[in-house]
Amino acid sequence: MGLCFCLISCSSKSLKDQRAQQEIEYILEPGAQVDVEEGVATFTGTFPNEDKLKEAEQTARNIKGIKSVINNATIAHQIQTAVDTTSTTN
């Protein structure tokens, strides 16, 4: 029974990490993820733009207990449609 307790307690996140992760997840856009473990917030997934990523990183840094932030996320590329201005209308 002692071994079972050790395995469960060693594999679960601390309450502080869980709370920090929930606070960060609250502001994340769909497609972006964060994992907090031992005070390290790691971002993955795709952010819609750099401003949203910077906001998430700053939010993480402002949370008590976050020691560092790792960014493994990507920024979605803005797709622009070309408009043909040379065509004539009949």
Next item on the list: Any chance you could pull the hydrophobic cluster mates of Ile70, using side-chain heavy atoms under 4.5 angstrom and chaining through other members?
Entry: Val40

Next item on the list: Keeping the roles fixed (side chain from Asn72, backbone from Phe43), state whether a donor-acceptor pair exists under 3.5 Å.
Entry: no

Notebook entry, point to check: Tell me, do Gln21 and Glu37 make a side-chain contact under 4.5 Å, heavy atoms counted?
Noted result: no

Notebook entry, point to check: Any side-chain donor paired with an acceptor under 3.5 Å for Gln58 and Asn62?
Noted result: yes

Notebook entry, point to check: Remaining members of Ile27's ILVMFWY cluster at a side-chain heavy-atom cut-off under 4.5 Å?
Noted result: Tyr26

Margin query: Between Thr42 and Val34, is the side-chain contact (heavy atoms from CB on, under 4.5 Å) condition met? List the steps.
Written below: CA-CA 5 Å; Thr42 303; Val34 67; 5.9 Å; no

Checklist line | Closest heavy-atom pair and its distance - Lys16, Gly65 | finding: CD-CA, 4.0 Å

Check: What heavy-atom pair brings Gly45 and Gln33 nearest, and what distance separates the two atoms?
Finding: CA-OE1, 3.4 Å

Next item on the list: Indicate yes or no: at least one non-hydrogen side-chain atom of Ile75 is less than 4.5 angstrom from one of Thr46.
Entry: no

Next item on the list: Apply side-chain hydrogen bond (donor to acceptor under 3.5 Å, both in side chains) to Ser68 and list each qualifying residue two or more places apart in sequence or on a separate chain.
Entry: none

Notebook entry, point to check: Given Ile66 and Val36, is the side-chain contact (heavy atoms from CB on, under 4.5 Å) satisfied, shown in steps?
Noted result: CA-CA 8 Å; Ile66 296 294; Val36 178; 3.8 Å; yes

Next item on the list: State, without any angle test, whether Gln18 and Gln22 hold a side-chain donor-acceptor pair at a distance under 3.5 Å.
Entry: no

Check: Nearest heavy-atom pair of Lys13 and Asp35: which atoms, and what distance?
Finding: NZ-OD1, 2.6 Å

Margin query: Taking the side chain as everything from C-beta on, heavy atoms only, tell me whether Ile63 gets closer than 4.5 Å to Ile24.
Written below: yes

Note to self: Looking at Glu38, I want to see if its CD is surrounded by more than 12 non-hydrogen atoms of other residues, nucleotides or ligands under 6.0 Å.
What the structure shows: no

Check: Heavy atoms, side chains only, cut-off 4.5 Å: are Thr59 and Lys54 in contact?
Finding: no

